[in-house]
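One structure is given here, and the rest of the page talks about it.
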Amino acid sequence: MEFWTDFFASFEISRSTARLIASSVVLIAGVSILRFLLGRFIRKSVNSSELRQRWLVQSRNGLLLILLLGLMMIWATELRTFALSIVAIAVAFVVATKELILCLTGSIVKSAGSSFNIGDRIQVKDFRGDVVDQNLLTTTLLEVGPGKLSHQRTGRMTVIPNALFVSEAVINESYTHDWVLHVFTVPFKREENWKLAKQAILDTANQYCAPYLEDVRRYMKKKSEQRGLESPSVDPRVTLQVATAGEIHLVVRIPVKAGQRSFIEQSILTDVFVNYNFAPAPAVVAPKTQEPDSSKED
């Protein structure tokens, strides 16, 4: 019984398809005959060759448009089914390759924005390091850390998908390439001698940066002119920041070579803390004055 049901169902489908094919053939034949008759009429009735050619072209284009519309109307149901199938396949393909598409999109975003180059030190989300390789799908970093304030490599390699560049901000710590303005913070308690520390750090920073300060100034001026920006001050500076009520942070900014940030920072801190003592001065207690005994009589 099931065999005959399937047979008649396939027969119905075949009949339906045959009917559509027959309708299409009739339409094509009708349009062809109409074109032949219309062309013959135009050739006999129109004397001007230019006008005759124009009408022949216009009639041909008009009949072709009628043919296409007719075929679309005849095959509308099948075309709708086919379109739905194509959409379903496309949706399934997009879902299956979502991450790959995001990675390719991230690669395009990264390239279009010129976010970084090989050798730059970047941070994306919680990933931070020097870029050593990049392709259409991934970017490879040599990790720098630990934390966001350290500038030494950990020896680990991080491969991040380019999909992160679509939704996450990229911090490029090597934006000025050869020379950079390096910032680090030195915390002190409020009662400690932070005034002496501020001057000591500034003097030591000037001592280390003096040999190449003019080179940095010329480099930053050139970079600023290329990008239409105002040239920043490159002189070492120490500013105050009150993080909490009981602490004072000395924010140090110095110009250094891109690859010597950690070395110069550690050299300055080592010299300062070896040569100076910032412990709070002991409080001076005034001696008590002895009051006269009022109980004694003169």
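All values reported here derive from a predicted model rather than from experimental measurement.
- Residues Val131 and Leu142 fall into different hydrophobic clusters, defined by Ile, Leu, Val, Met, Phe, Trp and Tyr side chains chained together at heavy-atom separations under 4.5 Å.
- What you find for Cys209 and Pro255 is that their closest heavy atoms are SG-O, 3.7 Å.
- Surrounding CG of Leu136 are at most 12 heavy atoms belonging to other residues, nucleotides or ligands under 6.0 Å away.
- When all heavy atoms of Phe116 and Gln134 are compared, the closest pair comes out as CE1-OE1, 3.5 Å.
- Within 6.0 Å of CG on Asn275 lie more than 12 heavy atoms contributed by other residues, nucleotides or ligands.
- Checking Asp203 against Gln199 by side-chain atom types alone, a donor-acceptor pair falls below 3.5 Å.
- Note: the hydrophobic cluster containing Ile171 does not contain Val144 (ILVMFWY, side chain heavy atoms under 4.5 Å, direct or indirect links).
- His249 places none of its side-chain heavy atoms less than 4.5 Å from the side chain of Val242.
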Candidate pair Tyr208 and Phe263, rule ring-ring contact (aromatic ring centres under 6.0 Å, His included), full reasoning
CA-CA 11 Å; Tyr208 274 94; Phe263 172 75; 7.7 Å; no
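- At a threshold of 4.5 Å between non-hydrogen side-chain atoms, the residues Val183 and Val252 do not count as touching.
- Not a single donor-acceptor pair under 3.5 Å links the side chain of Asp133 to the backbone N or O of Thr139.
- With a 6.0 Å radius and a threshold of 12 heavy atoms from other residues, nucleotides or ligands, Arg35 has its CZ atom at or below the threshold.
- Side-chain contact check for Ser115 and Asn172: no donor-acceptor pair (N or O, by modelled atom type) lies under 3.5 Å.
- Between Phe165 and Asn162, some side-chain heavy-atom pair lies under the 4.5 Å cut-off.
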Using salt bridge (Lys or Arg N to Asp or Glu O under 4.0 Å), reason through Glu214 and Arg217 one step at a time and then give a plain yes or no.
CA-CA 5 Å; Glu214 287 303 319; Arg217 190 173 283 113; 2.6 Å; yes
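- A pairwise comparison of heavy atoms in Ile254 and Ala205 identifies CG2-CB, 3.8 Å as the closest pair.
- The aromatic rings of Phe273 and Phe278 stand perpendicular to each other, their planes meeting at an angle above 60°, with 30° marking the opposite boundary.
- Remark: side-chain polar atoms of Ser23 are paired, donor with acceptor, to backbone N or O of Arg19 under 3.5 angstrom.
- Considering all non-hydrogen atoms of both residues, Leu141 and Gly129 come closest at CD1-N, 4.1 Å.
- Note: the hydrophobic cluster containing Tyr276 also contains Ile201 (ILVMFWY, side chain heavy atoms under 4.5 Å, direct or indirect links).
- Within the 3.5 Å criterion, the main-chain N or O of Leu137 finds a donor-acceptor partner in the side chain of Asn135.
- Across all their heavy atoms, Val234 and Leu213 have their closest contact at O-CD1, 3.6 Å.
- Under the 4.5 Å side-chain contact rule for hydrophobic residues, Leu181 and Val186 share a cluster.
- In this structure, Lys198 and Leu250 approach most closely via the heavy-atom pair N-CD1, 3.7 Å.
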